[in-house]
Amino acid sequence: MTDVLTRLAEVLEERKAADPDSSYVAKLYAKGLDAILKKVGEEATETVMAAKDGVPDKIVYEVADLWFHTLVLLAHQQLRPEAVLAELDRRFGLSGLEEKASRTK
Ligand SMILES: N=c1c2ncn([C@@H]3O[C@H](COP(=O)(O)OP(=O)(O)OP(=O)(O)O)[C@@H](O)[C@H]3O)c2ncn1[C@@H]1O[C@H](COP(=O)(O)O)[C@@H](O)[C@H]1O
């Protein structure tokens with residue numbers, strides 16, 4: 001399933017050379033970082049609203065929009081989704097409460 005993240009990241013790299021008139025992603029890159037961040041914020045808010053509505057399909061749809069726009073952000077910042085997956089992997093099995101306690105010591 002993580003394969004789709006890698007394939008999508010490849011498309012997002014290709015779109016760096018695409019015409020903004022022919023590609024949503026190229027258009028977002030052309031608008032710049034603030035426009036990408038605005039989309040991430042909007043999609044996060046829409047995710048919150050979908051969760052409050054409690055309709056499962058709507059939550060999945062909005063989370064997909066949010067993940068997609070965070071992938072655009074990563075690509076814009078020359079980062080790959082594998083870096084995020086590696087960080088989640090590093091944290092796997094480490095209790096959030098223990099991690100927090102180790103920071104405040
Ligand atoms: N997964 C996605 C994807 N998810 C969401 N979106 C777009 O993200 C936008 C979401 O914004 P909104 O819901 O706010 O809708 P909107 O009002 O149309 O958006 P704005 O005009 O406000 O920006 C919509 O235009 C969606 O079509 C996506 N656009 C592209 N992809 C993937 O990216 C690839 C490259 O896309 P292009 O660059 O357009 O070829 C595609 O083949 C897909 O795999």
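Here the structure is a predicted model, which is why all the values come from computation and not from measurement. The first residue in the sequence is number 1, and the count goes up from there. Atoms within a ligand are numbered from 1 in the order they appear, just like the ligands themselves.
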Check your understanding: Heavy-atom distance from atom 18 (O) of ligand 1 to the protein below 4.0 Å?
Key -> no

Review point. Can you list the atoms of ligand 1 that are under 4.0 Å from a heavy atom of His69?
Key: 8 (O), 10 (C)

**Study point:** Per-atom contacts, ligand 1 versus Asp65 - under 4.0 Å to a heavy atom
**Key:** 4 (N), 5 (C), 13 (O)

Review point. Which of the numbered atoms in ligand 1 are below 4.0 angstrom from a heavy atom of Glu43?
Key: 10 (C), 11 (O), 12 (P), 13 (O), 14 (O)

Exercise for review: Between Glu46 and ligand 1, find which residue part has any heavy-atom pair under 4.0 Å and reply side chain, backbone, both or neither.
Suggested key: neither

Point to revise | Selection from Arg15, Lys39, Glu42 by shortest heavy-atom distance to atom 12 (P) of ligand 1 | key: Lys39

**Study point:** Distance flag for atom 37 (P) of ligand 1, protein heavy atom under 4.0 Å
**Key:** yes

Review point. What's the shortest distance from atom 32 (C) of ligand 1 to any protein heavy atom, and which residue and atom give it?
Key: Phe68 CE1, 3.5 Å

Point to revise | Identified side chain to side chain contact (heavy atoms under 4.5 Å, CB included) counterpart of Glu43 within the set Val48, Thr70, Asp65 | key: Asp65

**Study point:** Distance from atom 34 (C) of ligand 1 to nearest protein heavy atom, with residue and atom
**Key:** Val11 CG1, 4.0 Å

Point to revise | Exercise check, heavy-atom protein proximity under 4.0 Å to atom 41 (C) of ligand 1 | key: no

Practice item. Using a strict 4.0 Å threshold on nitrogen-to-oxygen distance, state whether Glu42 and Lys39 make a salt bridge. Key: yes

Check your understanding: Counting only heavy atoms, which portion of Leu8 has something under 4.0 Å from ligand 1: side chain, backbone, both, or neither?
Key -> side chain

Check your understanding: Just heavy atoms, cut-off under 4.0 Å: does Tyr24 contact ligand 1 by side chain, backbone, both, or neither?
Key -> both

Check your understanding: Given the protein's heavy atoms, is any one of them under 4.0 Å from atom 14 (O) of ligand 1?
Key -> yes

Check your understanding: Do ligand 1 and Ala26 have nitrogen or oxygen atoms that lie under 3.5 Å from each other?
Key -> no

